There are 2 protein chains.
Amino acid sequence: MVKRVSLSQAACPVARALDVIGDWWSLLIIRDALEGVRRFGAFQAGLGIAKGMLATRLRDLVEDGILEIAPASDGSAYSEYVLTAKGRELHLVVAALRQWGEAALYAPGEDHSVLVDRTRGQKVARLALQAADGRTLQWNETRVRHVAAV
Amino acid sequence: MVKRVSLSQAACPVARALDVIGDWWSLLIIRDALEGVRRFGAFQAGLGIAKGMLATRLRDLVEDGILEIAPASDGSAYSEYVLTAKGRELHLVVAALRQWGEAALYAPGEDHSVLVDRTRGQKVARLALQAADGRTLQWNETRVRHVAAV
DNA sequence: TTTTCATGGTCTTATTTTAAGACCATCTCG
DNA sequence: CGAGATGGTCTTAAAATAAGACCATGAAAA
């Protein structure tokens with residue numbers, strides 16, 4: 001029996017991305033980190049995750065260069081987990097998931113949190129795929145160009 | 001001991017979305033479905049997934065209204081799995097993952113598949129968050145407005 | 001300074017999920 | 001009809017998860 005399949009060498013960026021952040025908790029941790037959560041205890045309280053799971057997830061995310069450990073910003077001797085530049089770029093993935101969830105998984109009238117423009121408090125516009133020339137592309141107006149097998 | 005935690009009733013759309021598609025294989029299945037894969041055997045061959053896993057994943061995705069079973073388009077007695085409207089909307093999530101993977105997980109010069117405009121074959125533009133008035137928003141120019149606890 | 005509590009983990013255990021393949025029923029086609 | 005393709009189910013062993021006991025250190029109160 002082998003370990004869980006690894007996609008870290010896949011030629012498809014989607015597969016490779018899921019290999020890193022495609023598990024249950026990682027994107028939730030990143031979501032919280034994007035909102036400013038930094039301390040172990042804060043992640044644990046916000047997510048309701050078991051401590052052991054959180055510890056391994058944080059370790060993995062640090063190993064993958066998505067989080068980094070920094071001295072606590074409040075001057076105490078504890079440390080904090082902060083997103084790296086690579087990790088911050090995941091905000092679009094989180095936003096896409098959020099918009100899909102809002103549209104597809106809530107009954108009309110059911111309440112949920114909302115991503116807003118920080119300065120004006122207005123809801124962020126829906127994401128859309130655009131061609132190089134700026135045309136908006138629907139799901140069936142794109143295709144994937146695969147690389148030749150090695 | 002309880003089952004794996006369920007987030008299906010979360011007030012955060014990100015959590016609820018991950019509850020549905022946040023496992024290892026679902027988004028890869030959806031990625032392939034977006035590229036036109038429809039048959040059980042085609043999914044299995046493309047993903048290298050165990051048959052049992054694929055069967056349960058497909059069943060779950062159908063239950064969640066992301067895929068639906070249709071008669072085979074080639075006239076045979078077999079059936080096919082096709083994306084529903086709800087499932088097709090996930091193309092933005094897949095695109096966001098793809099763009100992040102391309103930027104963050106490949107060494108310079110390393111080859112990967114690319115999402116292109118179907119009519120012109122040009123690479124799709126990078127996604128970006130926009131405010132209601134069209135301004136582009138960086139990761140730190142947004143915040144999440146939470147709902148009041150019930 | 002001693003004592004107490006908060007913080008940030010590790011380790012153990014029971015349960016669930018996953019990977020792999022054996023097995024089987026139905027369909028297609030020669 | 002018979003052989004192989006197709007689309008599954010079932011079994012089994014290994015790995016991941018959930019929950020909490022336990023522990024070391026830092027912070028803070030007495």
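Keep in mind the model is a prediction, meaning the values are calculated, not measured. Each chain gets a letter, A, B and so on, in the order the sequences are listed, and its residues count up from 1.
Salt-bridge check for A/Arg16 with B/Glu110: passed, with a basic side-chain N closer than 4.0 Å to an acidic carboxylate O. Electrostatic pairing of B/Asp117 and A/Arg143 does not count as a salt bridge here, judged by no charged N lying under 4.0 Å from a carboxylate O.
OP1 or OP2 of C/dG8 sits under 4.0 Å from a side-chain N or O of A/Arg39. Put simply, A/Tyr78 has no side-chain N or O that comes within less than 4.0 Å of OP1 or OP2 on D/dA24. Between A/Trp25 and D/dA16, a side-chain N or O to OP1/OP2 separation shorter than 4.0 Å is absent. At least one side-chain nitrogen or oxygen of A/Arg57 sits closer than 4.0 Å to the OP1 or OP2 atom of D/dT17. Close to C/dT7, at under 4.0 Å from its OP1 or OP2, lies no side-chain N or O of A/Arg38.
When each of A/Gly52 and A/Ala77 is assigned the nucleotide of DNA chain D with its nearest heavy atom, A/Gly52 is the one assigned upstream, toward the 5' end. Residues A/Met53 and A/Ser76 both approach DNA chain D. Their nearest nucleotides, taken by heavy-atom distance, put A/Met53 toward the 5′ side. Mapping B/Ile49 and B/Gly75 onto DNA chain C by nearest heavy atom places B/Ile49 closer to the 5' end of the strand.
The CG-C1' distance, from B/Asp74 to D/dG7, rounds to 14 Å in whole Å. We find that CG of A/Leu7 is positioned 10 Å from P of C/dA19, with the value rounded to whole Å. The interatomic distance linking B/Asp23 (CG) with C/dT18 (P) rounds to 7 Å, in whole Å. Here C/dA6 presents its P atom at 20 Å from CD of A/Glu80, a figure rounded to the nearest Å. Taking atom CH2 of B/Trp24 as the reference point, atom C1' of D/dT17 lies 16 Å away to the nearest angstrom. If you measure from atom NZ of A/Lys51 to atom P of C/dT10, you get 10 Å, rounded to the nearest angstrom. The separation between B/Gln44 atom CD and D/dG8 atom C1' is 10 Å, rounded to whole Å. Between the P atom of C/dT18 and the CD1 atom of B/Ile29 lies a distance of 11 Å, rounded to the nearest Å.
In this structure, A/Phe43 and A/Tyr81 have perpendicular ring planes: the angle between them is above 60°, well past the 30° mark.
In summary, the side chains of A/Thr119 and B/Glu141 do not present any donor paired with an acceptor at a separation below 3.5 Å, with no hydrogens or angles considered.
Using a 4.0 Å heavy-atom cutoff across all strands shown, B/Tyr81 reaches sugar-phosphate atoms only and no base atom.
With D/dG8, D/dT9, C/dG9 as the choices, the nucleotide that has an atom nearest any side-chain atom of A/Phe40 turns out to be C/dG9. Of the candidates D/dT9, D/dA18, C/dA19, the closest approach to any side-chain atom of A/Ala50 belongs to D/dA18.
The distance from atom CD of B/Gln122 to atom CG of B/Leu115, rounded to the nearest 0.5 Å, is 12.5 Å.
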